[in-house]
Amino acid sequence: MMDADIILTYDLSETVRRMLGKKGIAKAGSPLARSLSRRLGVEVKLTAKSNEVSGMTGRLGFDLQKQVEKDHRLVDYSLGALSQHFCQTPLPELSAASLKKIRLERPRAYAQHVLRQAEASASIFDRLAYLYNFIEMARVTGCPLSYLLERGQAIKVQTQLLREARARGFVLPQRPGTGEDTTYEGATVLEPSCGFYRCPVAVLDFASLYPSIMMAHNLCYSTLLPPGREKKPDCPDFTESPPAAGNDQATCFVKPQVRKGLLPSILERLLAARKAAKAQLTQCQAGEAGATRRKVLHGRQLALKLSANSVYGFTGATNGPLPCLEVAGAVTAYGREMIQATKAKVESHFTTAGGYAHNAEVVYGDTDSVMVKFGPEGLSLEEAMRLSNEASKVCSSIFPAPVRLEFEKIYRPFLLMAKKRYAGLAFTSLSSPELETKGIETVRRDWCDLVRHGLEETLKHLLAPDGSDGSQKAIGHVRDVCNDLKQGKIDLKSLVISKSLGRNEYAAKAPHAEVAEKLKKRDPANAPRMGDRVSYLVLAGTSKAKVYEKAEDPIYALENDLPIDSDYYLEHQLKQPLLRVFELVCGDAQKAESLLFGGLTSQKVVVSSSKGGMGKFMKPRPKCLACSADVNDGAAVCARCTDKLSEVKEHALDRAKTLREQLNGLRAHCDRDCVLPSGPFPQLPADDPAADKGEVSERCLNASCPVIFSRARVAKQLGLAREALHRLQLKET
DNA sequence: AGCTGCCGTCGGGGTGTCTGATTGC
DNA sequence: CTGCACGAATCAAGCAATCAGACACCCCGACGGCAGCT
Ligand SMILES: Cc1cn([C@H]2C[C@H](O)[C@@H](COP(=O)(O)OP(=O)(O)OP(=O)(O)O)O2)c(=O)[nH]c1=O
Ligand SMILES: [Mg+2]
Ligand SMILES: [Zn+2]
């Protein structure tokens with residue numbers, strides 16, 4: 001038997017649950033318990049409340065899904081999706097029903113599939129360098145690996161505190177905080193001057209602001225003076241932090257000469273580790289070759305930044321093991337003071353009176369950053385960068401070390417929509433700018449692809465690098481998308497909306513919760529669990545129906561050929577986000593609306609009643625194939641269009657041919673990527689050769705098939721095209 | 001019997017509040 | 001002495017902000033039934 005150090009699974013509790021079988025427990029000393037646990041006399045089971053594995057002592061149970069959910073922002077976290085995303089290796093996802101069928105009918109293919117899943121998990125684990133990253137983190141924070149996997153940020157801070165305290169001969173007190181739910185004031189977000197900026201807008205951002213504040217002012221549990229102590233004559237040398245609203249009592253911390261805090265020492269170490277990771281990152285070879293390594297190092301740098309910020313967060317965690325709101329409040333208070341001071345310094349330093357060509361203006365800023373307009377549209381990138389670097393020096397000098405304001409990038413052009421919502425073409429050097437969008441729909445997972453991609457393309461046109469006016473192109477693009485949507489040319493795939501199931505009970509009805517309910521009714525065993533993302537489509541319904549009444553599982557909608565509510569997607573998905581953008585570009589909401597959506601007749605598809613059976617049986621009157629006028633049964637074109645008949649025929653043949661080729665291409669894709677090949681397992685019963693065949697309609701075994709929605713759409717259009725050919729009495733070529 | 005004014009109910013349209021999801025820092 | 005049932009505790013970085021949609025509420029007008037009048 002193998003004596004594993006790490007047991008890698010995609011879904012640990014589910015895997016263990018299946019291994020444990022019906023009783024849900026592996027008795028101490030049993031072979032199963034010994035293969036899962038290194039300790040004798042320990043039983044392995046799932047905890048009743050949170051369904052987590054208990055008793056896997058001595059081995060690391062790695063839950064790939066959980067980790068990836070933490071580290072990466074994706075819409076779909078199924079193993080198939082992860083394999084495609086990280087390794088570009090397709091791996092079908094099967095519904096519970098087809099999985100069961102295959103297990104019975106094609107045992108060797110089933111075994112091969114399970115093997116592929118295991119291999120995919122291992123590839124992803126390696127590709128993301130999880131082992132390397134976790135071991136580094138364990139070394140930096142002095143935290144056991146199992147804690148890093150199973151617990152949160154707090155334990156890392158705690159182990160670091162313990163290590164530092166031990167070195168200094170301190171002990172940590174036990175839970176002085178009585179879990180009150182008080183909160184404290186956070187950071188300042190500067191009021192944005194919203195608009196479309198064609199001139200360069202520079203972004204200046206403090207390096208690790210909160211950690212550097214704690215280091216610069218020696219903020220720590222161990223340096224905080226008791227209230228009132230600062231007024232006593234024997235008080236050691238201290239500094240007083242800026243006042244916080246609702247706190248008239250001053251908070252004071254002794255100077256580092258008196259006693260250096262534990263937290264600053266911890267932060268020094270963390271920031272040094274981050275700096276090392278960043279240095280490795282810059283040494284990484286450019287281009288495709290170093291891409292994977294760069295991603296890994298970037299992730300590591302980010303993880304260390306998170307750990308450093310969590311040191312601050314730890315002090316403000318009222319339910320945590322050692323809350324100290326004085327420290328947390330002082331950190332944010334310093335931060336609020338600093339962003340204001342920075343804004344003031346920039347705006348007072350870069351003035352015409354001070355010898356500069358233009359007055360600088362801070363147009364926005366969030367927590368630790370300022371976005372500066374140094375001059376009008378004519379200002380060159382080079383000049384803006386030169387001024388930015390100067391600003392970075394000037395501002396850094398007014399703050400104590402190690403606080404440092406860095407020049408990060410220049411946006412040109414820049415679209416500022418609201419607090420925490422903007423887009424810009426980011427220049428970190430003079431060439432190769434990249435489009436960045438923050439907070440707006442393109443980066444939000446609760447919008448469908450149609451909106452996310454549509455808006456992204458629009459922004460690409462609007463934020464053109466050469467400073468040209470792309471608004472005409474952008475408007476054209478939007479109108480194209482809207483027309484495609486109305487004509488049903490859009491794949492259902494790009495209309496799928498997904499939201500995470502945050503809780504089991506909802507106060508108000510919500511579409512994803514309703515769909516989760518429906519799924520539960522249809523198949524209780526595979527219903528979405530709390531925390532899972534639930535996908536849905538908005539289907540055509542009565543005109544006053546609420547969104548949650550029109551929501552439906554995409555696969556169900558596909559299989560039952562249910563029509564979508566294109567009006568909803570136009571009015572409630574595309575419209576608002578696009579209007580918000582164009583309103584700023586055009587400078588006028590009315591104008592934007594008419595430019596984008598004017599002349600688009602919104603023809604509502606309304607289902608008369610929920611029973612809705614009648615429509616199906618009503619045969620539509622035949623229409624002329626050229627001009628859509630009503631014609632008699634049997635006629636292909638109307639009287640006025642008879643002279644166009646040959647043209648119509650040619651077009652119909654063409655169209656059928658193109659669609660057939662498209663469909664064949666899509667089917668070929670499924671035949672390649674969505675099938676389960678058999679594997680070399682002679683000890684298993686042979687697969688039933690008949691079971692593999694018989695895909696009659698446009699279905700795909702792969703529940704998350706990337707092309708099934710296209711297939712369905714193209715097949716439907718091909719059906720119509722063939723009907724037209726029939727009416728024209730033509731045969732497909 | 002038919003008309004008219006009264007009153008209660010229903011529903012549409014705004015408005016404000018709250019919940020929930022998600023993101024930025 | 002062992003096995004089992006039962007119960008308690010485990011544990012958790014932070015705040016600021018936007019936006020959609022449900023829901024509660026109000027106002028107002030239409031509608032229709034009813035009683036009273038002609
Ligand atoms: C990203 C992030 C920031 N913050 C706070 C602390 C940060 O110092 C402050 C500014 O955020 P950032 O500017 O995003 O991060 P940073 O300044 O710490 O690091 P750097 O700029 O070098 O990449 O906001 C958190 O509390 N939690 C977080 O997850
Ligand atoms: Mg910063
Ligand atoms: Zn497929």
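Both backbone and side-chain heavy atoms feed into the values below; hydrogens, waters and symmetry mates do not. Quick note on labels: first sequence line is chain A, next is B, and so on, each numbered from 1. Everything numeric in this text was worked out from a predicted model, so none of it was measured.
- When the C1' atom of B:dG24 is taken as reference, atom CG of A:L306 falls 14 Å away, rounded to whole Å.
- Applying the ring-ring contact (aromatic ring centres under 6.0 Å, His included) criterion to A:Y221, with sequence neighbours excluded, gives no partner residue.
- The distance between atom CD of A:E436 and atom P of B:dT23, rounded to the nearest whole Å, is 16 Å.
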_Taking Watson-Crick (N1-N3 plus N6-O4 or O6-N4) and G-U wobble (N1-O2, O6-N3), each under 3.5 Å, can you produce the dot-bracket string of DNA chain C? Use [ ] for crossing pairs and | for inter-strand ones._
.............|||||||||||||||||||||||||
Would you list the protein and nucleotides 13-15 of chain B atom pairs, both N or O, that sit under 3.5 Å from each other?
none

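- A donor and an acceptor atom, one from each side chain of A:R274 and A:S208, are located under 3.5 Å apart.
- Judged by distance alone, with hydrogens and angles left aside, the side-chain atoms of A:D205 form no donor-acceptor pair with the main-chain N or O of A:E406 at under 3.5 Å.
- Taking the six-membered ring where the residue is Trp, the centroids of A:F206 and A:F399 are separated by under 6.0 Å.
- In this structure, A:I497 places its CD1 atom 19 Å from P of B:dG20, rounding to the nearest Å.
- When rounded to the nearest whole Å, the span between CZ of A:R445 and P of B:dG20 equals 18 Å.
- Partners of A:P577 according to the side-chain contact (heavy atoms from CB on, under 4.5 Å) rule, which considers only residues two or more places apart in sequence or in another chain, are A:E441, A:W447, A:V451, A:L455, A:R580.
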_Under the criterion salt bridge (charged side-chain N to carboxylate O under 4.0 Å, His left out), I'd like the reasoning laid out for A:K460 against A:E457: C-alpha separation, chi angles, the key distance, then a yes or no._
CA-CA 5 Å; A:K460 271 186 194 159; A:E457 287 305 310; 3.5 Å; yes
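- Within residues 415-425 of chain A, the residues approaching DNA chain C are A:K419, A:K420, A:R421, by heavy-atom distance under 4.0 Å.
- Among the heavy atoms of the strands lying under 4.0 Å from A:T183 are primed sugar atoms or P, OP1, OP2 only; no base atom is included.
- In this structure, A:T332 reaches neither bases nor backbone, as no heavy-atom distance under 4.0 Å exists between it and the strands shown.
- The backbone N or O of A:A328 lies less than 3.5 Å from no partner atom in the side chain of A:Y312, so there is not a single donor-acceptor pair.
- A ring-centre distance under 6.0 Å is found for A:H217 and A:Y334.
- Within 4.0 Å (heavy atoms only), A:K156 reaches no atom of the nucleic acid at all.
- Residue A:R503 contributes atom CZ, which lies 10 Å from atom P of B:dT19 at whole-angstrom precision.
- Contacts of A:V157 with the nucleic acid, taken as non-hydrogen atoms under 4.0 Å apart, are absent.
- As judged by a 4.0 angstrom heavy-atom cut-off over every strand, A:E441 is placed among residues making no nucleic acid contact.
- Contacts classified as salt bridge (Lys or Arg N to Asp or Glu O under 4.0 Å) and involving residues 318-338 of chain A (residues at least two apart or in different chains) are given here: A:E185-A:R336.
- Nucleic acid contact for A:A328: none, since no nucleic acid atom lies under 4.0 Å from a heavy atom of the residue.
- A side-chain donor-acceptor contact under 3.5 Å links A:S78 to the backbone of A:A81.
- Among residues two or more places apart in sequence or in another chain, the side chain to side chain donor-acceptor pair (under 3.5 Å) test is passed with A:Y77 by A:R445.
- Side-chain nitrogen and oxygen atoms of A:K305 include none within less than 4.0 Å of the OP1 or OP2 phosphate oxygen of B:dC25.
- A:S396 contributes a side-chain N or O that, together with a main-chain N or O of A:L405, makes up a donor-acceptor pair within less than 3.5 Å.
- Listed by residue number, the members of residues 205-221 of chain A with any heavy atom below 4.0 angstrom from DNA chain B form an empty set.
- Contact record, A:L537 with A:A557: CD1-CB, 3.9 Å, taken as the closest heavy-atom pair.
- Within 4.0 Å of A:R580, counting heavy atoms only, lie sugar-phosphate atoms of the nucleic acid but no base atom.
- Between A:M371 atom CE and B:dG24 atom P the separation is 12 Å, expressed in whole Å.
- Atom pair A:H512:NE2 and B:dT19:P shows a separation of 15 Å (rounding to whole Å applied).
- Within the structure, side chain to side chain donor-acceptor pair (under 3.5 Å) pairs that include any residue of residues 495-512 of chain A comprise A:S498-A:R533, A:K499-A:Y536, A:Y506-A:H512 (at least two apart or interchain).
- Remark: side-chain polar atoms of A:S369 are not paired, donor with acceptor, to backbone N or O of A:L204 under 3.5 angstrom.
- Using a 4.0 Å heavy-atom distance criterion, A:G313 is classed as a base contact.
- Among pairs with a residue in residues 145-165 of chain A, those fulfilling salt bridge (Lys or Arg N to Asp or Glu O under 4.0 Å) read A:E164-A:R168, at least two apart in sequence or across chains.
- Every residue two or more places apart in sequence or in another chain that forms a side chain to side chain donor-acceptor pair (under 3.5 Å) with A:E552 is listed here: A:K518, A:R522.
- The span of DNA chain C lying next to chain A, judged by atoms under 4.0 Å from heavy atoms, is bounded 5' to 3' by C:dT10 to C:dC23.
- Within the structure, a side-chain polar atom (N or O) of A:R73 is placed less than 4.0 Å from OP1 or OP2 of B:dT23.
- As a whole-Å value, the separation of A:K499 NZ from B:dT23 C1' is 14 Å.
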